[in-house]
Amino acid sequence: MSETEKRKSYEPQAIEQKWYDFWLRKGLFKPEVNPSGEPYCIVIPPPNVTGSLHMGHALNATLQDVLIRWKRMHGYRALWIPGTDHAGIATQNVVEREIAKEKTDRHQLGREEFINRVWKWKGEYGGRIIHQLKKMGASCDWSRERFTLDEGLSAAVRTVFVKLYEEGLIYRSTRLINWCPRCLTALSDLEVEHEEEEGLLTYIRYPLEGGKGHLVVATTRPETMLGDTGVAVNPEDERYRELIGRRIELPLTCRQMPIVGDAAVEMEFGTGAVKVTPAHDFNDEEIAKRQSPALPSISVIGADGKMTALAGARYEGLDRYECRRLVVEDLKKQGLLEKEEKYTHSIGHCYRCKTVIEPLATPQWYVKIEPLASEAIKAVRDGRVKIVPSGWENSYFSWMENIKDWCISRQIWWGHRIPVWYCECGKTIVSTETPTVCPGCGSTELKQDPDVLDTWFSSGLWPFSTLGWPQMPEDMKAFYPTGTLVTAFDILFFWVARMIMLGLKFMGDVPFRYVYIHALVRDEEGQKMSKSKGNVVDPLLIVDKYGADAFRFTLAAFAAQGRDIKFSEERVKGYRHFINKLWNASRFISMNVEGRQIAHGIDQVRDLPSLWILSRLANAADEIDSALQEYRFNDAANRVYQFLWREFCDWYLELAKTGLENEEDAPGIRWCLLYCLDSVLRLLHPFMPFVTEEIWQTLPVPFRDGESIMTAAYPSGLYRDPAAEERMEIVMEAISGVRNIRGELNVQPGAKVKVLVNAGSEDVAKTLMGHLPYIKRQAGADSIIVEMGLAAPRKAAVNVMSRLEVYVPVEGLIDIKAELERLGKELRKTGEELSFCMKKLMDQDFIKRAPEQVVAKEKAKCQELEGKKANIEDSINRLKNIFQEAENG
RNA sequence: GGGCGGAUAGCUCAAUUGGGAGAGCGCAGCCCUUACAAGGCUGAGGUCACAGGUUCGAUCCCUGUUCCGCCUACCA
């Protein structure tokens with residue numbers, strides 16, 4: 001490479017697309033690049049086909065890409081399967097909105113034509129998020145991309161439905177379900193979002209039969225009173241006990257209904273009497289069922305959220321909220337409104353359109369979930385699936401243990417049509433293949449169930465349907481169970497739990513061995529990002545501005561387990577600086593190795609700084625590797641940052657400038673520079689794929705040992721040299737000692753100082769003597785004297801380190817007062833530490849009960865501190881004398 | 001109502017099994033030293049939320065309190 005080709009700063013825009021295309025062209029995202037490796041597979045949480053990339057996706061994709069690139073470099077047959085989810089309600093909503101612009105709606109178009117429109121829409125816009133994932137650098141095998149409505153996945157859905165039906169695990173039933181009056185479909189319990197809202201608690205008088213007084217009931221939904229079929233009180237409640245069995249009048253109607261007893265009624269709440277509306281409230285439905293005979297059910301609210309004829313002529317056709325106002329008004333007029341109180345309670349909303357949910361009795365399909373759930377609980381309990389961080393296991397268990405049957409039918413058009421047909425003879429046919437004749441009566445007049453399945457039903461099969469099930473291709477055998485599922489906690493139940501249940505049921509094994517639950521990305525203030533708050537940050541703008549590498553590294557560096565990420569552009573900026581540092585380090589190295597003699601291996605490395613940095617590199621590589629093993633992405637990112645910047649650039653590159661002046665050392669140093677750069681690029685590659693490839697491609701062979709860094713070996717188990725580390729620390733200590741004096745006393749950086757070092761031992765002295773040029777350059781010294789037991793010169797600043805003392809004669813350089821101040825500060829600090837330490841050692845309990853090692857350590861520390869204190873005191877006295885002499889003279 | 005998590009430097013966060021706390025950013029001082037001012041060197045800054053307890057010793061373990069998040073639940 002030539003340094004003239006390299007600009008002073010890294011410019012991602014020009015480079016990222018180039019390398020992504022290169023990787024694609026070479027087919028490096030395919031598992032076949034490591035044909036003999038152990039399989040490792042990740043299936044992407046399929047984003048909604050309507051979606052566009054948000055921060056959550058960006059984080060999710062980054063972490064998966066880090067894992068898959070890391071594993072790939074370790075030689076695994078790594079496969080990351082991408083794809084999208086058809087997202088029934090969401091997608092249907094989008095297309096409905098679109099055709100509304102054409103002044104039509106889906107009913108006018110008809111089912112078939114509408115579905116065609118959705119597919120057309122999908123073809124045009126559905127690939128957007130996939131394109132965006134590519135911008136992030138995602139190394140998915142795009143040749144295996146799937147869509148939940150693909151032919152293959154649809155076959156999987158039908159197979160699963162039929163099998164569950166045949167086993168009695170899918171059934172149809174009419175009961176109250178969560179109904180969205182805007183989407184006009186049933187929703188599962190999970191799809192209802194509960195939110196605290198301030199409302200009113202309305203107290204209504206219900207006249208007792210026979211005109212003797214009244215009973216007051218409290219409700220948050222006065223309009224549902226039109227569908228009341230009873231009033232319930234607690235049988236233990238002495239106020240009301242004798243009313244049980246009597247009848248009461250329902251105001252605004254001419255109905256009468258019974259007063260019943262039910263233990264579920266809280267005596268303390270409201271008035272202790274509750275109106276019972278079995279057709280519009282889950283609790284009331286239960287209460288009604290417990291009575292014998294059961295209380296009847298009167299539906300006064302229709303599927304569209306408007307009052308039905310059963311609500312009475314005055315209210316029919318009104319929206320439920322208009323009706324609420326009118327009912328209250330009417331009650332007031334009749335003197336039956338006791339009072340209204342402000343009341344905060346939680347209300348269910350449709351997770352898609354936020355409309356308030358209406359419990360409604362309709363026929364729906366359900367999965368009997370308990371038998372599936374109990375297996376799925378076992379799988380996590382015995383560790384076949386590990387959830388990381390493990391804290392989420394509790395949530396998983398408590399949800400799974402209280403799980404209710406899963407309503408899987410949706411009254412929409414876009415999705416997997418339920419594979420059930422009804423014949424006019426009354427027969428129901430459930431089949432994977434579309435039947436043409438009724439096996440009962442031979443009729444060809446078969447009508448398919450109009451409903452489609454919950455989107456999560458198909459995504460629940462994702463880990464095996466994407467691999468080709470119910471066929472059993474090679475992929476299926478090789479990659480199931482997959483390695484790690486990476487996702488946010490908000491779909492732990494929606495999706496993760498269901499994949500575990502269905503995977504166990506149909507594959508006989510868990511779908512993945514690890515579930516890594518990552519954080520939510522919030523804004524700078526810690527607020528959840530949302531369109532309505534206007535605090536959404538578009539990841540693609542960040543990529544455009546700072547490059548995908550800086551963005552990815554930021555996300556990874558903040559992905560600490562169990563804590564949300566507060567995202568701010570400032571941080572990305574910081575990591576862009578980091579990339580620039582890497583870029584310039586590589587420039588420096590290329591300038592210094594190009595056309596020069598380079599050693600051939602570590603055997604030819606002879607200088608201490610090189611041995612030191614190699615050992616530090618080995619240390620960093622091990623720590624990074626084990627951090628990734630434990631999904632501590634932030635630790636891995638921070639360690640590589642620390643190594644590259646603080647150790648490699650701040651120390652080694654500076655030392656190498658001196659070392660390169662020595663012709664005998666130089667070839668080894670050049671080798672070491674390249675080796676470290678190569679290694680750090682590999683370590684960084686999973687986090688920053690683009691810039692690492694860009695630089696790596698310019699390395700000379702044998703460092704560049706393949707066509708791409710993507711398939712280069714990940715560094716681990718490198719050469720360690722603790723002895724070199726320790727010796728180098730002595731040299732670094734001397735340098736820091738001088739620098740510290742210079743810094744504190746404001747010695748001009750250009751000014752050279754004389755340095756004297758009192759070495760603590762023969763070895764220390766020898767090591768220092770062997771590295772004088774390094775110390776001179778780094779400490780800005782023009783002369784150095786090293787001796788064991790060297791006495792301090794009269795006028796000198798002193799720095800007492802652990803293995804040595806540094807003296808810098810101060811005459812002409814600094815003022816003595818400043819140095820006295822500095823030493824006074826040091827003395828205070830040391831004194832405090834020492835007395836704390838001594839106090840401990842005088843404590844008999846400590847001596848007796850603390851482990852020997854700890855006591856010994858404390859003793860050594862105490863000794864060292866004593867020595868240090870004495871030395872500082874000496875220096876202070878010396879300087880004071882000088883000071884006085886100066887004053888007197 | 002139940003459950004979970006958090007509270008550590010000005011800010012954002014670390015601290016692998018209890019032995020006097022670290023980083024990044026920011027701040028202050030001095031420097032454009034030929035890889036990088038998107039930089040270098042140096043430094044200041046913390047009763048580890050509060051109160052008890054266990055222990056020779058607690059940021060770490062236990063109990064309670066306060067504040068802040070989130071999940072979950074059929075008090076209408």
Side-chain angles (χ1 to χ4, degrees), chain A residues 3 6 8-10 194 201-202 217-221 224 232 264-277 281-287 343 345-346 389 391-392 394-395 398-399 402 489-490 492-493 520 522 524 526 528 557-558 560 562-568 570-571 573-592 626-627 630 632 634-635 638 641-642 645-646 649-650 653-654 657 736 739-750 777-780 822 833 836-837 840 843-851 853-855 857-858:
Chain A
E3 68 267 26
K6 280 195 175 174
K8 270 177 110 171
S9 58
Y10 174 64
H194 291 273
L201 191 56
T202 307
V217 299
T219 180
T220 53
R221 301 200 57 194
T224 63
V265 179
E266 295 280 336
M267 291 183 272
E268 289 74 28
F269 188 86
T271 60
V274 60
K275 60 194 257 335
V276 182
T277 322
D281 186 284
F282 291 105
N283 297 320
D284 292 3
E285 186 189 38
E286 295 296 314
I287 294 174
Y343 181 62
H345 62 309
S346 81
W392 290 105
N394 278 335
S395 306
S398 71
W399 187 72
N402 299 302
F489 70 87
D490 52 351
L492 184 60
F493 308 137
L520 247 43
R522 297 169 176 279
E524 231 163 317
K528 214 165 167 172
F558 284 95
R563 198 186 277 258
D564 286 345
I565 296 176
K566 289 185 198 168
F567 184 83
S568 109
E570 282 304 303
R571 310 218 165 115
K573 223 180 261 178
Y575 286 115
R576 184 183 56 171
H577 297 176
F578 174 61
I579 294 175
N580 200 51
K581 192 73 182 175
L582 169 66
W583 182 255
N584 279 292
S586 80
R587 279 180 70 222
F588 171 80
I589 292 168
S590 59
M591 287 172 177
N592 281 286
S626 56
E630 292 161 35
R632 290 181 286 115
N634 59 325
D635 286 343
N638 287 322
Y641 181 102
Q642 147 85 15
W645 201 317
R646 309 271 80 108
C649 290
D650 285 353
L653 289 189
E654 295 306 322
K657 288 173 184 173
S736 296
R739 278 179 176 174
N740 173 279
I741 289 171
R742 296 180 61 115
E744 292 228 12
L745 302 183
N746 273 337
V747 177
Q748 293 293 304
R777 179 154 176 168
Q778 298 312 309
R822 190 183 71 83
E833 276 181 64
F836 180 81
C837 199
K840 235 172 168 179
D843 184 346
Q844 284 310 305
D845 283 330
F846 175 73
I847 301 288
K848 269 201 303 226
R849 317 187 86 129
Q853 285 175 331
V854 174
V855 177
K857 209 170 106 188
E858 215 59 33

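In what follows, chains carry the letters A, B, and so on, assigned in the order in which the sequence lines appear, proteins first and then strands, with residues in each chain numbered from 1. No experiment lies behind these values; they were computed from the predicted model shown.
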> So which nucleotide does U33(B) pair with, by the Watson-Crick or G-U wobble rule with both distances under 3.5 Å?
Replying inline: none
>> Does the structure show a Watson-Crick or G-U wobble partner for G19(B), both distances under 3.5 Å? Name it, or say none.
In response: C56(B)
>> Would you measure the distance from the C1' atom in C27(B) across to the matching atom in G45(B) and give it in whole Å?
In response: 9 Å
> Whole Å only: how far is the CD atom of Glu266(A) from the C1' atom of G1(B)?
Replying inline: 10 Å
> Has the side chain of Lys8(A) got a donor or acceptor atom sitting under 3.5 Å from an opposite partner on the base of C36(B)?
Replying inline: no
> Looking only at atom C1', what distance separates C48(B) and G18(B), rounded to whole Å?
Replying inline: 14 Å
>> Applying the Watson-Crick and G-U wobble criteria at under 3.5 Å, what pairs with G1(B)? Answer none if nothing qualifies.
In response: U72(B)
> How far does the P atom of C41(B) sit from the matching atom of A23(B), given to the nearest Å?
Replying inline: 14 Å
>> Just to be sure I understand the rule, does Phe578(A) reach a base, reach only the sugar-phosphate, or reach nothing, if contact means heavy atoms closer than 4.0 Å?
In response: nothing
> Can you tell me the Watson-Crick or wobble partner of A14(B), both distances under 3.5 angstrom?
Replying inline: none
>> On the side chain of Glu744(A), is there an atom forming a donor-acceptor pair with the base of A44(B) - under 3.5 Å, no angle test?
In response: no
>> Please report the distance separating the P of U16(B) from the corresponding atom of U59(B), rounded so that it comes out in whole Å.
In response: 14 Å
> Between Arg742(A) and Gln748(A), do the side chains contain an N or O donor and an N or O acceptor separated by less than 3.5 Å?
Replying inline: no
> Considering all heavy atoms of both residues, which atom of Val274(A) and which atom of Val265(A) are nearest to each other, and what is their separation?
Replying inline: CG1-CG2, 3.6 Å
> For atom C1', what is the distance between G43(B) and C60(B), given to the nearest Å?
Replying inline: 30 Å
>> Between P on A28(B) and CG on Leu745(A), what's the gap in Å once rounded to a whole number?
In response: 21 Å
> Is G64(B) paired to anything, Watson-Crick or G-U wobble with both distances less than 3.5 Å, and if yes, which nucleotide?
Replying inline: C50(B)
> Quantified in whole Å, what is the C1' atom distance between nucleotide G69(B) and nucleotide C32(B)?
Replying inline: 47 Å
> With side chains defined as the heavy atoms from C-beta onward, is the minimum distance between Ser395(A) and Phe489(A) less than 4.5 Å?
Replying inline: no
> Which part of the nucleic acid, if any, lies within contact of Lys581(A), taking any heavy atom under 4.0 Å across all strands shown: a base, the sugar-phosphate backbone alone, or nothing?
Replying inline: base
> Are side-chain N/O atoms of Lys566(A) and Ser568(A) paired as donor and acceptor at under 3.5 Å?
Replying inline: no
>> Only pairs with both distances under 3.5 Å count, Watson-Crick or wobble alike; so what is the partner of G45(B) in this structure?
In response: none
> G26(B) pairs with which nucleotide, Watson-Crick or G-U wobble, both distances below 3.5 Å?
Replying inline: none
